[in-house]
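Here the structure is a predicted model, which is why all the values come from computation and not from measurement. Atoms considered below: every heavy atom in the structure, side chains included; atoms not considered: hydrogens, waters and symmetry mates.
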Amino acid sequence: MDQLIPIAAKLQDVLGALGQKTQLDLPQIVVVGGQSSGKSSVLESIVGRSFLPRGTGIVTRRPLVLQLYNTSVIPPVEEDSEEGEGEEVAQDEQYNDEITENRGGGPPRIINTQNSSDLPSSGAEWGEFLHLPGRRFANFSDIRDEIIRDTERLTGRNRGISSTPLHLKIYSPRVLHLSLVDLPGTAKVAVGDQPHDIEDQIQDMCLSYISNPNAIILAVTAGNTDLANSDALKLARSVDPQGDRTIGVITKLDLLDPGTDCADYLQNRVIPLRRGYVGVVNRGQLDIDRDKSIVDGLKKEAQFFRSHPAYNHRALLAKCGTPNLARDLNGILMHHIRECLPELKSRITGMMGELQGELDALGQPVDTMNEATQSGQLLGLLSRFSANFAQCIDGRGTSIEGIEMNELYGGARVAFIFNEVFVRSLMSIDAFDGLSDEEIRTTICNANGTRSSLFVPEVSFDLLVRRQISRLEQPGLQCVDLVFDELQRIATQCEPPEFQRFPKLRERLLDVVSGLLKSCVGPTHMMVGNLVKIELAYINTSHPDFIGGSKAVARLMEKMNDDHQNATNGNADGGRDNSPGLRATSSLGDEVSLSSTPYPSNIENTNQVNTLNGGPTASSEKGGLMNFIFGAKKTNTGGPPRIVQLPQVPSIMRQTDHPTTDREKIETEIIKSLIESYFSIVRKNFIDMVPKTIMYFLVNHVRDTMQNELVADLYRDTMVSVLMEEADDIAQRRKTCDEMNGLLKKALEIVNEVRDFNTFST
C-alpha cells in the first residue's frame, strides 16, 4: 500500500483545509476463514508488522478490531463516550501518558512521556489498547503478549472463545487510516472449554462483521483443501452473493503435494468471484519461531512463485503474492476514495466562492486609498444603504441571510402590523367594553336634570359615545410604536456587507437613522391623536350609516313585539298578560308617559301615601294633606300636632339603588343601540386612517428623506477619514482569507491529481 499512503495523506490535508475533523472513511477489511488457514498471517502482511499470536489450533479466540493511523498527518480526534477515550495523538505533542517498552525481554518498562528523552522518534511506531488507556506499547512483541494475556483473562487458557472484541490501535508512518478485523476461525467440533455450539457462535460472530456493506471480505482458504468446502466462501456468499466486495485468498500454496497446484482456483474457474483470487505464501511456524521478518518472508514468497512451473507465467504471476493482494486492496480503496471526490470538489468550490465573496466585501485596504477615493466609497455606501432601505420597504429588497424565503421581511412586516395586529385588535374591541347597563342608567338620569324627560335625552348618548371613542386612541399610538420598531429592524437588515469593515461608520449611520425615525414619530403620534380628537369634536348623528333615533326605536319595538308574541305563544293557559309592564304601543312617548309617574319613597306614614294616591284615608282625615302643609288646625284637639321627619339625604346617590323600571329598560336599550351604531362608524374610519397616517408621516417620509439626511450628516470632509477607518481585525481577516483561498486552490489541485491517479501504475 505504499502507493496509496501518500494519496490518502494528501486527501487528509484537503479535509484539514476544509475544516473536517473526521478522517477518510475507508472500508473496513474483515478476514474470515477456517482454523489455521493463515488469516492472521495475511493480516500481518497487510500491516507489515508481526504482532498477532501464532500457533496451532484456534489461536484467535476473540474478534480483534485493529485501527491503523498514519502518523505522517495529524492523527484523528477520537470521541468514545462509552469507553472514556478520545485523546489526540500528534508527533510533536507533549504526551501526558505512559509508553510501555520491553527491551531484551523481561517485563515491560513504563516510560514517563513527560521526559522528552523517552518520547518516540518521528518515525516511531506504537500501539494502544482500548482497555489500557494511557499506555503505549513501543515494542510489538509486547502487543502480542498483551493480546494473549487479555484473551486468556476472558476465555481462559483452554481454548475458550468470546464475542467481546479486543480493540487495538497502531500508529505508524507506513500504514493507511484503515480498520481491519481478525476473527476466530470456523470450527466444527468443540474442544477444551469451547461451547458445544461453537460452530454457530463463530458463524454469527463473523456475520455480524461482514454484513456491513462497507466491509471488504477477505475469504481465506488454505490451498491444500478443496475450495468447494471453504467455510470462508460460504460465509461471504451469504452476505455478498454477487461477490462485489469479496476477495478470495488462497494460502499455503507451498504446502501442496508435488504435482498439484491451485492454478484453476487462481484463474477463477472453480467458484468464480467478481474480484477473483490471490494466492499467497505466508511465513511458516518454523519461520516465526526463528523470528524471520515479514520482509524476508515476502522475498521467499516471490522466489517461490517465480520458480514454480505452474505459476511462473504472466497470467498467474499477476494473481500471486502479497504485493498483488495489496494491489487489489489498493484498487478497492482508491475506488472508494474516488467516489468521495465529487462531494469534496463541490465543497471546495463552494468554499472558494464564499471566500471570494468575503474578500470582495473586505475590499481594498483603506491605507492604499487617497482621500477622493475614500469619499467616493463613503458616498457609495450611503447611497447603497438608502437604496436597500427603500427597496426593502417597497418589497423589492433581499437580505444577506435570505430570510425573505422563510418569513415576512421588510414592508411585508409593516403590512402585517396594519392588517393582522392593528385591525384584528380594534375589531375585537366591543362597543360596550368597560360600560355597564347601570352606568348607562345613571348617565340618562343625570341628563334628565331636575325633571324626567318625555323622550330619551340626547346628552346621555353624547357623553357615553365620546367615552367609548376615546378608547381607540391608545391602540393607534401603539401601532405607531410597532411600526417604528419595525423600521429600526429593517434598517439593521439593510446594511451592506462592507459596513462590517467600518464600525464607526455603521455606528454613526444607525444613530442618524434612529434620530430620523424619532423625529417622525412625534408628528405621527400627534396626528393619530388628532384623528380621535376630530371624531370627538363633532358627533355626526346625520351620518348616512348611523342608525338614528327612529330606527333604533323601531328595532326595539319590533324586538319587544317578537318577545311578547313568543311569551304569549308559550302560555299554556292561553291567558293574557295584563300586568302594567312593557306593552308595545304605537309610539314610545305614549308608553313611557304611562309608566313615568313618580312614587315618593321618603314618606313613612302609610296614610299619607294613601292620601297622595287619593285613597280612602284622605276622606277620613279632616283637613287632608293641604291642611297639614299650610298648618290648618286639625279637628282632633286631643293633643299637639304630629311633625313629619324626612330621612337624612345620603352623601352619594345612585340610580342603581332602586329596581329598574320599564321606562329605564327601554331607554337603556335605545342608548346602547345608538352607541353601537356610531362606534362602529368611528372604528371603521379609524382603522382606515391610522395606517394611512403612519405611512405618510413616518414610513414614506423616512424612506424619501433617508439619503438626504445621511449625506447631510455624514458626508463631510472632516469626517471621511474617521468614518472610513477599518476595524482592527479586518486586515487579519483579509490575510486569512487570502491564505485559505490559496489552500483551497491547492486542495483542488490535489483532488484532480487523485482523480487522475492510476492505481495499477508501477
Side-chain angles (χ1 to χ4, degrees), residues 348-404 409-410 487-520 701-746 748:
I348 291 173
T349 54
M351 292 183 66
M352 290 179 67
E354 293 177 0
L355 277 176
Q356 189 60 44
E358 186 173 357
L359 284 173
D360 294 341
L362 294 175
Q364 182 183 358
V366 179
D367 299 340
T368 62
M369 300 180 185
N370 54 33
E371 185 175 352
T373 305
Q374 292 183 12
S375 300
Q377 187 174 10
L378 173 60
L379 184 59
L381 290 175
L382 298 180
S383 300
R384 284 184 58 187
F385 176 82
S386 302
N388 290 346
F389 186 86
Q391 291 175 357
C392 187
I393 293 295
D394 296 337
R396 302 191 305 271
T398 58
S399 64
I400 300 176
E401 300 82 3
I403 61 175
E404 67 275 2
Y409 171 73
L487 292 178
Q488 285 188 319
R489 173 191 176 97
I490 293 174
T492 58
Q493 293 177 339
C494 294
E495 300 175 3
E498 292 82 358
F499 273 25
Q500 301 299 325
R501 295 174 56 193
F502 311 109
K504 294 183 179 179
L505 172 61
R506 180 177 181 273
E507 181 180 358
R508 289 285 296 118
L509 181 138
L510 292 180
D511 289 342
V512 173
V513 173
S514 179
L516 177 60
L517 289 172
K518 290 179 180 178
S519 66
C520 296
H701 182 74
V702 171
R703 180 195 61 188
D704 297 338
T705 61
M706 175 74 73
Q707 184 168 358
N708 294 335
E709 291 290 333
L710 293 177
V711 172
D713 289 349
L714 301 179
Y715 190 65
R716 301 177 182 176
D717 295 338
T718 57
M719 299 179 62
V720 172
S721 59
V722 177
L723 296 178
M724 297 302 292
E725 182 178 346
E726 288 186 333
D728 297 337
D729 62 332
I730 292 299
Q732 182 61 37
R733 286 175 56 191
R734 189 181 291 112
K735 179 180 178 182
T736 302
C737 289
D738 287 334
E739 293 176 353
M740 181 62 70
N741 199 26
L743 287 175
L744 291 177
K745 289 180 180 179
K746 182 179 179 181
L748 192 59

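In this structure, Thr492 has no side chain to side chain donor-acceptor pair (under 3.5 Å) partners at least two apart in sequence or on a different chain.
Of all the heavy atoms in Leu379 and Tyr715, the pair that sits closest is CB-CE1, 3.9 Å. Across all their heavy atoms, Pro496 and Leu381 have their closest contact at CG-O, 4.4 Å. Residue Arg734 comes nearest to Leu359 through the heavy atom pair O-CD2, 4.0 Å, listed as atom of the first residue, atom of the second, then distance. Leu382 and Leu710 get closest at one heavy-atom pair: CD1-O, 4.0 Å. Shortest non-hydrogen contact noted between Val512 and Glu709 is CG1-O, 4.1 Å.
Taking CD1 from Ile393 and CD1 from Ile490, the interatomic distance works out to 4.0 Å, rounded to the nearest 0.5 Å. Here the OG atom belonging to Ser519 is positioned 6.0 Å from the NE2 atom belonging to His701, to the nearest 0.5 angstrom. Put simply, CG on Leu744 and CD on Glu354 are 10.0 Å apart, with the number rounded to the nearest 0.5 Å. In this structure, the separation between CG on Leu748 and CE on Met351 is 12.5 Å, given to the nearest 0.5 Å. In this structure, OG in Ser383 is found 9.0 Å from CG in Leu378, a value given to the nearest 0.5 Å. The SG atom of Cys494 sits 4.5 Å away from the OH atom of Tyr409 when rounded to the nearest 0.5 Å.
Applying the salt bridge (charged side-chain N to carboxylate O under 4.0 Å, His left out) test to residues at least two apart or on different chains, the pairs with a partner in residues 372-386 are Arg384-Glu498.
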| request: Let me see the working for Lys735 and Asp738 under side-chain contact (heavy atoms from CB on, under 4.5 Å), right down to the final yes or no. | output: CA-CA 5 Å; Lys735 179 180 178 182; Asp738 287 334; 5.5 Å; no
| Stepwise side-chain contact (heavy atoms from CB on, under 4.5 Å) check, Leu723 with Phe502 | CA-CA 7 Å; Leu723 296 178; Phe502 311 109; over 6 Å; no
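With Thr736 contributing its side chain and Gln732 its backbone, the two residues share a donor-acceptor pair below 3.5 Å.
In this structure, the side chains of Val702 and Val513 stay at 4.5 Å or more apart for every pair of heavy atoms. Counting only heavy atoms from C-beta outward, the side chains of Leu355 and Glu358 approach each other to under 4.5 Å.
A salt bridge links Arg703 with Asp394: the distance from a Lys NZ or Arg NE/NH1/NH2 to an Asp or Glu carboxylate oxygen falls below 4.0 Å.
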